[in-house]
Amino acid sequence: MTDRTSIHGQWSSRLAFILAATGSAVGLGNIWKFPYITGENGGGAFVLVYLVCVVIVGIPIMMAEVLIGRRGRQSPINTMRLLAHEESRHGIWQIVGWSGMVAGFLIISFYSVIAGWALAYVFRTASGTFTGVTADGVSSIFSSLVSDPERLLAWHTIFMVMTTIVVSRGVRSGLEQAVRVLMPLLFMLLLVLVGYAMNTDKFDEGLAFLFSPNFSALTPGAVLTAMGHAFFTLSLGMGAIMIYGSYLPKSASITKTSVVVALMDTLVALLAGMAIFPIVFANGLEAGAGPGLIFQTLPLAFGHMPGGTLFGTLFFVLLVFAAWTSGISLLEPAVAWLVENQGVNRVRAATLMGILGWLFGIVTIMSFSSWAFEFDFAGETKRSGMFDILDILTANIMLPLGGLAMAVFAGWFMSRDSTMDELGMGDSLVFRGWFFLVRYVTPVAVIVVFLQLLGVIDF
Ligand code: PHE
């Protein structure tokens, strides 16, 4: 019964899955988003909450998501429907697949715009624009880019086309090879940047900002953002990891692969933070600068280090690749569903989703210039209107709710035998630990975070 195969193919090995899932997880979330939300939320305490969420919420849900995917071997919508049926549960569970598809579509629409910034920066860095530049200079280069909708549209279009092409060819061909080379390279470049940051006289201050928690700075909104980010950065709660799990060979260990992916993802984020904050402090920049943070700090480092033009160009190229391998996984669940249910071929399905994501991306583009508006969310002033709303709606609300539903489904609605069979570790201590986490700890943690935001409970 569980030896199904996916009509969309299978990874060539366990390593291929690890690479693909890491490719999905490591992206703009780690290098662009993690530093800027850490800066906005006061540093250490926020980082600590995020790390705790990765361990007690992220890893158990990742295991649940992979196991559901591998058992069903279809797009998230059909997998949820099939498993609900097999476990004699209500068909309403497929709503998890639907909401994931919508979340993926909303995320790709703004993700692609930010990836477009990174693309633009490849060329800016390569042409030596940042050589010897001042902090003010870097800021004005950034502002002139984001306030120019036409340029943003061009880069967004290029990124969307790149993503659609890979998805239309099937995630296996190309993706596996690319990730195998690019991920280690990205890692090495981050180490170079951390090395540079160590040589600024503010390295200690940067580390202290990241790692010494000051709980008085922690607002309810920050706690939700930290938890939401654990979902976002691990690609959880919308079906990306579920569909990648559906291509995982039966023999691979779900526990080991999930832990490896989560570890690598976390390491990349922390390295990015360790590279960026010393540069921020050494140049008297604002840690809470918002979404432009890395685009206003890293060019300063590249502009002043030996070989900076080369390193900088390579860095932004790798950032684009990291975003690319994540963007692909955002579209894949919807494309797989269109192929399965609507009888559309993969190329058409990918094109259709690509065009939709592209069109919707215009909302984000305009939100940085003429459509910008301010609003308050959980005690913080947000400046870029629809971009912030999309970000909060997806990362802080839809992904945690999707992940919660997956945990509850795996922990309470699938039989213990089914999950034990799929995890393949027998009734071991690790299995029991996981089972306890998804049944009690993870759902309670997610619900508590929502309730404290709504002011229902207060710590
Ligand atoms: N994890 C990706 C990142 O950190 C973003 C992502 C979210 C990808 C959800 C897929 C699903 O950049």
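In each ligand, atom 1 is the first atom listed, and ligand 1 is the first ligand listed. In what follows, every heavy atom counts, from backbone to side chain, and hydrogens, waters and symmetry copies are set aside.
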Distance-only criterion, 3.5 Å: show the donor-acceptor pairs between side-chain atoms of residues 31-38 and protein atoms not counting sequence neighbours.
{"residue": "W32", "atom": "NE1", "partner": "P291", "partner atom": "O", "Å": "2.8"}
{"residue": "K33", "atom": "NZ", "partner": "D391", "partner atom": "OD1", "Å": "2.8"}
{"residue": "T38", "atom": "OG1", "partner": "F34", "partner atom": "O", "Å": "2.7"}

One line per pair, note the atom names and distance for all nitrogen or oxygen contacts under 3.5 Å between ligand 1 and the protein.
{"residue": "ligand 1", "atom": "1 (N)", "partner": "S24", "partner atom": "O", "Å": "3.2"}
{"residue": "ligand 1", "atom": "1 (N)", "partner": "A25", "partner atom": "O", "Å": "3.0"}
{"residue": "ligand 1", "atom": "1 (N)", "partner": "F232", "partner atom": "O", "Å": "2.8"}
{"residue": "ligand 1", "atom": "1 (N)", "partner": "T233", "partner atom": "O", "Å": "3.2"}
{"residue": "ligand 1", "atom": "1 (N)", "partner": "S235", "partner atom": "OG", "Å": "3.0"}
{"residue": "ligand 1", "atom": "4 (O)", "partner": "A25", "partner atom": "O", "Å": "2.9"}
{"residue": "ligand 1", "atom": "4 (O)", "partner": "G29", "partner atom": "N", "Å": "3.3"}
{"residue": "ligand 1", "atom": "4 (O)", "partner": "N30", "partner atom": "OD1", "Å": "3.4"}
{"residue": "ligand 1", "atom": "12 (O)", "partner": "L28", "partner atom": "N", "Å": "3.1"}
{"residue": "ligand 1", "atom": "12 (O)", "partner": "G29", "partner atom": "N", "Å": "2.8"}
{"residue": "ligand 1", "atom": "12 (O)", "partner": "Y111", "partner atom": "OH", "Å": "2.5"}

Within residues 266-278 or reaching into it, pairs that qualify as side chain to side chain donor-acceptor pair (under 3.5 Å) - sequence neighbours excluded: none
Heavy-atom count check: over 12 atoms from other residues, nucleotides or ligands less than 6.0 Å from R383 CZ? no
Would you please test F277 and F209 for ring pair (Phe, Tyr, Trp, His ring centres under 6.0 Å) and show each step? CA-CA 8 Å; F277 288 107; F209 181 74; 4.8 Å; yes
Taking ring pair (Phe, Tyr, Trp, His ring centres under 6.0 Å) as the definition, give me every residue that meets it alongside F450, ordered by chain and number, with sequence neighbours left out. none
With a 4.5 Å cut-off on side-chain heavy atoms, are Y50 and T225 touching? no
